[in-house]
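Numbering of residues begins at 1 and proceeds along the displayed sequence. This one's a predicted model, so the numbers in the text were calculated from it and none came from an experiment.
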Amino acid sequence: MIYDVIIVGTGAGGATVAHELSNKSLNILVLEKGLNHPRGTAANHIKNTKLSLSLEENRNDNRYEFLNYPAELMNIEGLGGTTPVSLANACYACTICYKNSATAQFKGFDLELFEELLEASKELKVGSLPAEMMGPATRMIVDKGEKLGYFMEPMPKFIDFNKCDSCGLCILGCTKGAKWDANDFIKEINETENNTEILSNITVTRVLHKNQRVDGVEGIDSNGEKKHYRSKIVVIAAGALNTPKILIDSDVTNEVSDGLFTDLFITVGGYLKDVNLNTEIPMGVKSEFGPYFISPHFSNQLIPLIKEKGFSPKAKDVMGLMVKIADEANGKIYKDGRIEKELTSRDLNLLKEGYDKSVELLKAVGVEPSSISSTPIRGAHPGGTAAIGKLVDKNLETCIKGLFIADASVIPQAPGRPPILTIVALAKRLSKNIADEICEPNSLE
């Protein structure tokens, strides 16, 4: 069988393309490497990959303990991609003031996403955290933060607040159906009569192409058997770590895999008895500082670090703040899966600056100063490995006719903010282009 469209990956990009095209009377095949993780269990499947993070300058600065630990890159594979473990942050309009916001970057390539962002916002029920759902710990941060001169604003969320009970467990995968994730699109496809087939546990190994024209994909099923699937249009949305591997093994280009960014972050926190931040909607507010922002964030990683300093915290006794930066797009993914990245002086200075502001704010809310600790540097939003203007054009098409990319790989520089809403908007635009192309007479000849 020859499909009209093959989509690789079911994250924010792949699921959106499948959802948009499933009502176009097309034969569509969706291939997913991972499995279906039941809601409420997604966080158990997060992988923490070692991130070789070399420094431009000496590490010797005892004030910043995050430099003492190995860096990590968080990732998950499964139906829905990383969306089930997201904290539902819908950052796009809030980054207009920053030149590297994802939407601003695409404007430079004559790609305007305003209409698609509005569509996505409506469909994902994006809204700011209502005042009545802001927990006491978050309110405390707002109050003390503004007294320190930090403008604190509600974080836009893709949450249906009518269904949300403020449990604080967004990262597990919402069992109430309040938080959107890409499985919602997959569920709608499965419940609607269409010609879309979704197969999980299929590892796509390479794209098939000849004469600069895509012809399908090759993959391996759960039994280790090699499979070939044919189509004249292929959309790769396997994520910024897997997409470049597929392209490298497909001999598509030599320029893939460079330019990796990860939106590096740390969580700074300490002991504050019975503060209960862990039971509030995470990252409910934020304070913007251009290339980075600060937001309330509970992290289990802080508990053993605080214990090392002589305290006995339970989860309810930890007050934390995330510092997330737009790091330099200077990383590289090797064919064997190794990831290397340099922490530049700029990156390091942003983390230090955010750390210092966080310590000041934590002390202001009453955190015991001697308990203040920091998690290792982590990355959670990899992108840039198949960037627009480098590997894909403004239509998100590669040099191989009919081969498109629809994930964070195409974002050229780190936005320093969660990219899910932007990826959904990109996938919507791509879907419109594909639908128009297929409907044109002789367009696929």
Side chain to side chain donor-acceptor pair (under 3.5 Å) evaluation trace for E397 with N433: CA-CA 10 Å; E397 189 170 24; N433 292 345; over 6 Å; no

Apply the test side-chain contact (heavy atoms from CB on, under 4.5 Å) to residues L426 and T16: give CA-CA distance (whole Å), side-chain angles for both, the deciding distance (0.1 Å), then the verdict. CA-CA 9 Å; L426 280 167; T16 299; over 6 Å; no

Would you check, one step at a time, whether the test side-chain contact (heavy atoms from CB on, under 4.5 Å) holds for R39 with D181? CA-CA 10 Å; R39 291 191 176 185; D181 73 49; 3.4 Å; yes

Apply side chain to side chain donor-acceptor pair (under 3.5 Å) to N201 and K33, showing your working. CA-CA 5 Å; N201 211 7; K33 180 179 181 180; over 6 Å; no

Between L87 and I171, is a side-chain contact (heavy atoms from CB on, under 4.5 Å) present by the stated rule, with each step listed? CA-CA 6 Å; L87 299 185; I171 195 170; 4.0 Å; yes

Evaluate the criterion side-chain contact (heavy atoms from CB on, under 4.5 Å) for residue pair D184 and F158; output intermediate values, then yes/no. CA-CA 12 Å; D184 293 336; F158 37 85; over 6 Å; no

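The distance from atom CD1 of I233 to atom CD1 of I438, rounded to the nearest 0.5 Å, is 4.0 Å. Expressed to the nearest 0.5 Å, how far NZ of K341 lies from OG1 of T262 amounts to 5.0 Å. Here the straight-line distance linking atom CD1 of I246 with atom CD1 of I236 works out to 5.0 Å at 0.5 Å rounding. Interatomic distance, CD1 of I420 versus CG of N89, reported as 8.5 Å (0.5 Å rounding). Here the straight-line distance linking atom CG of L73 with atom NE2 of H381 works out to 10.5 Å at 0.5 Å rounding.
Taking the side chain as every heavy atom from C-beta outward, V85 and M74 never approach each other to under 4.5 Å. Put simply, the side chain of P84 does not reach to within 4.5 Å of the side chain of H37, judged on heavy atoms. Side-chain contact between T267 and R378 is present, with at least one heavy-atom pair separated by less than 4.5 Å. Side-chain contact between L350 and F289: absent, with no pair of heavy atoms (C-beta onward) separated by less than 4.5 Å. E368 places none of its side-chain heavy atoms less than 4.5 Å from the side chain of P313. Contact check for D263 versus D327: side-chain heavy atoms found under the 4.5 Å cut-off.
A 6.0 Å sphere centred on NZ of K24 holds no more than 12 heavy atoms belonging to other residues, nucleotides or ligands. Other residues, nucleotides and ligands place more than 12 heavy atoms under 6.0 Å from the NZ atom of K432. For E193, the CD atom counts as loosely surrounded, since its 6.0 Å shell holds 12 or fewer non-hydrogen atoms of other residues, nucleotides or ligands.
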Which donor-acceptor pairs under 3.5 Å do the side chains of residues 357-365 make with protein atoms, sequence neighbours left out?
from	atom 1	to	atom 2	distance (Å)
K357	NZ	Y292	OH	3.1
K357	NZ	E353	OE2	3.3
S358	OG	G354	O	2.9
E360	OE1	Y150	OH	2.4

Could you go through residues 302-311 and list every donor-acceptor pair under 3.5 Å that involves a side-chain atom there, pairing it with any protein atom two or more places apart or in another chain?
from	atom 1	to	atom 2	distance (Å)
K309	NZ	E65	OE2	2.8
K309	NZ	I372	O	2.5

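Minimum interatomic distance between F106 and V410 (heavy atoms only, all atoms of both residues): CE2-O, 3.9 Å. The two residues P70 and P376 have their closest heavy-atom pair at O-CB, 3.5 Å. A pairwise comparison of heavy atoms in F185 and E123 identifies CE2-OE2, 3.7 Å as the closest pair. In terms of heavy atoms, G239 sits closest to D407 at N-OD2, 2.9 Å.
Here the side chain of E116 pairs no donor or acceptor atom with the backbone of K428 at under 3.5 angstrom. D317 places a side-chain N or O within donor-acceptor distance of the main-chain N or O of K314, the cut-off being under 3.5 Å. Formation of a donor-acceptor pair under 3.5 Å by the R417 side chain with backbone atoms of P415 is found in this model. With hydrogens and angles disregarded, a donor-acceptor distance shorter than 3.5 Å links the side chain of T398 to the backbone of L403. In terms of modelled atom types and a separation under 3.5 Å, the side chain of S409 and the main chain of G383 share no donor-acceptor contact. Side-chain N or O atoms of K179 include one that pairs as donor or acceptor with a backbone N or O of C170 at under 3.5 Å. With hydrogens and angles ignored, the 3.5 Å screen pairs no side-chain donor or acceptor of N395 with any backbone N or O of D393. Under the 3.5 Å distance criterion, the side-chain polar atoms of D160 are left unmatched by any main-chain donor or acceptor of A178. A distance-only check finds a donor-acceptor pair linking the side chain of D347 to the backbone of E328 [under 3.5 Å]. With hydrogens and angles disregarded, a donor-acceptor distance shorter than 3.5 Å links the side chain of D4 to the backbone of N27.
No side-chain N or O of N194 forms a donor-acceptor pair with one of T192 less than 3.5 Å apart. Between the side chains of Y64 and D356, at least one donor N or O sits under 3.5 Å from an acceptor N or O.
For the pair K332 and Y334, the cation-pi test (distance below 6.0 Å, angle within 45°) is passed.
By the 4.0 Å N-to-carboxylate-O rule, R139 lies too far from D143 to be salt-bridged with it.
Of the options I248, V8, V204, I405, a side chain to side chain contact (heavy atoms under 4.5 Å, CB included) to T243 is made by I405 and by none of the others.
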